[in-house]
Amino acid sequence: MRVLVTGVTGYIGSHAAVELLDVGHDVVGVDDFSASSPSVRAAIERAAGRPIELHELDLRNRAAVNCLFDKGNFDAVIHFAGRKFVGESMDRPVRYYSRNVGASINLAAAAQRHRVEKIVFSSSCTVYGNPAQLPVNEATPVAPVSPYGRTKVAVEDLFSDLCATDPNMSVLSLRYFNPIGAHPSGLLGEVPQGTPNNLLPYVMQVAAGQRSTLSVFGGDYDTADGTCIRDYVHVVDIAKAHVRALDYVDHVRGFDAMNLGTGRGSSVLEIITACRIATRRDIPYQIVDRRAGDAAVIFADPTRANIDLGWRAEANLTQMCFDHWRFERAHLAPEAQAS
Ligand code: UDP
């Protein structure tokens with residue numbers, strides 16, 4: 001297939017591009033480079049051994065999106081582009097609605113007009129908010145607790161309504177749990193802008209000596225060690241699920257959503273231990289107040305993806321932390337690389 005990949009130079013988009021190229025799809029990538037660098041293109045091409053087409057484009061520009069589709073001749077779209085930080089969305093909700101929902105409306109309209117009927121959408125377990133029951137399956141009520149989460153639900157609703165009225169459309173929304181790790185080549189990984197918001201990038205910068213101490217947000221949760229539990233899943237496993245998802249939307253019509261997780265939860269302290277082993281470095285931490293909006297425990301029931309996509313997360317926690325570190329280390333200044 002000739003696949004339009006939005007947000008192709010981002011963390012998950014870049015890994016997915018490599019997997020798509022590996023199985024023979026052609027990738028036409030777009031990105032506005034607001035949270036990533038055009039240099040990721042070379043890393044994708046080196047990791048896959050094949051070129052991609054890349055356009056700088058802001059999906060909020062409707063005329064530009066239409067022009068892209070006029071010339072694109074796409075068979076399918078995988079839509080990664082968007083902002084992804086809960087905290088930032090609390091401070092700047094309009095930005096989130098514009099970049100996540102506004103952009104998706106332009107994309108959906110252009111896809112429908114140009115009869116590009118297969119779409120895979122990057123969603124998140126954040127749509128479930130603070131779930132009452134665990135593990136979380138797709139029947140768990142959607143109840144987001146942040147503007148970011150609400151933008152993901154809004155886009156899912158948009159695609160679901162589109163499919164309900166256009167029987168040829170097929171959209172699969174993939175609800176990622178906590179993607180971590182990096183490509184085993186060491187060429188691709190997560191490149192946070194400024195102070196990392198997410199746990200793994202922060203832990204890695206502490207291991208690298210770029211930051212002195214990790215703040216663990218809350219040590220008094222009702223969990224075995226008092227810290228929050230999440231379902232961490234390797235970004236390459238997530239990327240591979242998109243290859244399966246393309247097959248799925250090629251055969252099944254309508255809207256659907258599936259969880260992508262391992263089905264196993266790990267606490268923040270377990271992550272610190274795994275990262276100490278993977279990096280062979282000390283990771284000083286202190287327990288501080290809880291972070292507003294954090295659920296105590298969330299992990300996936302990935303049965304639907306296991307059965308209907310034939311997909312299963314394979315990497316264990318040590319592998320994920322090791323791969324994350326390999327990339328981080330490769331991008332450190334030489335003096336910080338010495339262990
Ligand atoms: N966390 C932490 N310190 C940090 C960043 C995150 O203790 O500097 C915790 C956070 O409270 C949550 C877990 O690590 O329990 C995962 O947070 P992250 O932001 O990576 O993902 P989220 O689950 O919030 O999407």
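Remember, it's 1-based here, ligands and their atoms both numbered in the order they're listed.
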Open item on the list: Can you confirm whether or not the ring centre of Tyr232 sits under 6.0 Å from the ring centre of Phe177?
Closed with: no
Donor-acceptor pairs are to be reported for all side-chain atoms of residues 191-205 against protein atoms at under 3.5 Å, with residues two or more places apart or in another chain.
residue	atom	partner	partner atom	Å
Gln193	NE2	Ser34	O	3.0
Gln205	OE1	Arg211	NE	2.7
Gln205	OE1	Arg211	NH2	3.3

TODO: List, by chain and number, the other hydrophobic cluster members for Val288, where Ile, Leu, Val, Met, Phe, Trp and Tyr join if side-chain heavy atoms come within less than 4.5 Å, directly or indirectly.
DONE: Phe217
Open item on the list: Please output the residues near ligand 1 using a strict heavy-atom distance under 4.0 Å, listed in chain and residue-number order.
Closed with: Asn178, Asn197, Asn198, Leu199, Leu214, Ser215, Val216, Phe217, Cys228, Arg230, Tyr232, Val268, Arg291, Asp294
TODO: Would you check if the distance from the ring center of Tyr176 to the ring center of His242 is below 6.0 Å?
DONE: yes
- [ ] Count the heavy atoms of every other residue, nucleotide or ligand shown that sit under 6.0 Å from CZ of Arg290, and state whether that count exceeds 12.
- [x] yes
- [ ] Please write out which residues are connected to Val86 in a hydrophobic cluster, directly or through intermediates, given that two of Ile, Leu, Val, Met, Phe, Trp, Tyr count as joined at side-chain heavy-atom separations below 4.5 angstrom.
- [x] Phe85, Met90, Tyr96, Tyr148
